[in-house]
Amino acid sequence: MWLKVCRNPGLSLISGVLVTLPVFLQAPWVRLAPFSAAMFTVPLLGLALALSQHSNPRTRKAGELLVGFCGSWLAGSLFWGWCRLHPVWHLPIEAFALPLALTGLQSRWKVACGFYLGSLLGTAATDVAIAAAGLMASWPQILSASSAEAPLLLQAAAQQVLAPQGLVFVVFSGVVLVQICRWLWGLGEVGRIASAALSTTLAVDGLFLLAALMAPSLSGLI
């Protein structure tokens with residue numbers, strides 16, 4: 001999927017890049033100062049709305065895409081800042097704008113909605129995989145563990161994912177999601193944006209699983 005993105009750079013590439021920002025920027029920020037991370041949504045949304053009114057069509061669409069990112073950023077800040085030890089709340093909080101995003105697919109904000117929905121689908125797939133591997137109970141244990149214990153717990157969780165039952169589910173889910181990405185890609189611009197967000201989420205999940213196995217001190221659930 002990313003070969004197609006690289007051959008057709010633009011909003012799809014921006015979509016993929018935006019998916020990685022919470023991993024490298026938001027995660028450490030939320031841990032140190034969750035309130036300021038959440039409040040950052042305000043100037044970010046202001047910038048997005050300003051860009052969405054630009055006369056240049058590409059800049060305007062980039063602004064609309066950033067509006068969708070604002071929804072994901074706010075949801076991530078709220079969950080990881082205050083509810084991170086309660087995984088059952090992860091998807092409901094991330095999906096707070098789902099009704100608005102679904103109805104907005106037929107509006108001028110369809111680019112924003114496509115990004116948000118693609119990101120949300122990736123989040124849902126990750127949570128389902130964690131639940132199917134029986135790791136929901138480990139989630140709060142890892143996040144509340146000391147810096148010395150957390151890597152060991154994380155590595156054990158990653159090994160559990162690779163147990164036969166978990167591995168079969170992960171591989172099957174990966175195949176299905178790749179096909180969904182391919183289908184979305186063929187639906188036009190909004191579909192390509194959603195596909196890029198979803199495929200990037202899958203790639204990041206794969207990297208985190210590898211890091212949890214090889215270098216758990218460098219990885220984590222966020």
Stepwise, does the side-chain contact (heavy atoms from CB on, under 4.5 Å) test hold for Leu120 with Leu98? CA-CA 9 Å; Leu120 181 61; Leu98 179 59; 3.8 Å; yes

Which atoms form the tightest heavy-atom contact between [X] and [Y], and what is the distance?
{"X": "Val190", "Y": "Lys110", "value": "CG1-O, 3.5 Å"}
{"X": "Ala194", "Y": "Gly114", "value": "CB-O, 3.3 Å"}
{"X": "Tyr116", "Y": "Ala97", "value": "OH-N, 3.1 Å"}
{"X": "Ile142", "Y": "Ala157", "value": "CD1-CB, 4.1 Å"}
{"X": "Trp183", "Y": "Leu187", "value": "O-CG, 3.5 Å"}
{"X": "Glu94", "Y": "Ser72", "value": "OE1-O, 4.2 Å"}

Classify the angle between the aromatic ring planes of Trp80 and Trp139 as parallel (below 30°), tilted (30 to 60°) or perpendicular (above 60°). parallel

Are [X] and [Y] close enough that some pair of their side-chain heavy atoms sits under 4.5 Å apart?
{"X": "Leu135", "Y": "Gln160", "value": "yes"}
{"X": "Leu117", "Y": "Leu102", "value": "yes"}
{"X": "Ile14", "Y": "Ile193", "value": "no"}
{"X": "Trp73", "Y": "Leu18", "value": "no"}
{"X": "Leu153", "Y": "Ser138", "value": "no"}
{"X": "Thr201", "Y": "Thr126", "value": "yes"}
{"X": "Ser195", "Y": "Ser12", "value": "no"}
{"X": "Phe79", "Y": "Leu74", "value": "no"}

Once side-chain contact (heavy atoms from CB on, under 4.5 Å) is applied, do any residues pair with Gln159, and if so which ones, sequence neighbours excluded? Gln155, Leu213

Would you please name every residue forming a side-chain contact (heavy atoms from CB on, under 4.5 Å) with Leu45, sequence neighbours left out? Leu49, Val67, Cys70

Determine, step by step, whether Thr200 and Ser15 satisfy the side-chain contact (heavy atoms from CB on, under 4.5 Å) criterion, reporting the C-alpha distance in whole Å, the side-chain angles of both residues, the deciding distance to 0.1 Å, and the verdict. CA-CA 9 Å; Thr200 303; Ser15 177; over 6 Å; no

What pairs meet the ring-ring contact (aromatic ring centres under 6.0 Å, His included) rule with one or both residues in residues 143-174, with sequence neighbours excluded? none

Using only atom types and a distance under 3.5 Å, with no angle test, would you say the side chain of [X] pairs donor to acceptor with the backbone of [Y]?
{"X": "Ser173", "Y": "Val170", "answer": "no"}
{"X": "His54", "Y": "Asn56", "answer": "yes"}
{"X": "Arg60", "Y": "Gln53", "answer": "no"}
{"X": "Thr123", "Y": "Ser119", "answer": "yes"}
{"X": "Ser36", "Y": "Ala33", "answer": "yes"}

Excluding sequence neighbours, so at least two apart, what forms ring-ring contact (aromatic ring centres under 6.0 Å, His included) with Trp109? none

Verify same cluster id: [X], [Y] (apolar side-chain graph, 4.5 Å):
{"X": "Val171", "Y": "Leu209", "answer": "yes"}
{"X": "Leu100", "Y": "Val42", "answer": "no"}
{"X": "Ile93", "Y": "Phe35", "answer": "yes"}
{"X": "Val128", "Y": "Leu177", "answer": "no"}
{"X": "Trp89", "Y": "Leu143", "answer": "yes"}

Regarding Gln26 and Ser77, is there a side-chain donor-to-acceptor distance under 3.5 Å anywhere? yes

Inter-residue atom distance Glu149.CD - Ser144.OG, 0.5 Å rounding: 9.0 Å

Rounded to the nearest 0.5 Å, how far does CG of Leu198 lie from CZ of Phe115? 11.5 Å

Applying salt bridge (Lys or Arg N to Asp or Glu O under 4.0 Å), can you list everything that pairs with Arg108, at least two apart in sequence or on another chain? Glu64

Partners of Glu189 by salt bridge (Lys or Arg N to Asp or Glu O under 4.0 Å), sequence neighbours excluded? Lys61

Please evaluate residues Val19 and Phe69 with respect to the criterion side-chain contact (heavy atoms from CB on, under 4.5 Å), reporting the C-alpha separation (whole Å), side-chain torsions for both, the decisive distance (0.1 Å), and the verdict. CA-CA 8 Å; Val19 168; Phe69 174 72; over 6 Å; no

So with a 6.0 Å cut-off around CE of Met136, is the heavy-atom count from everything else above 12? yes

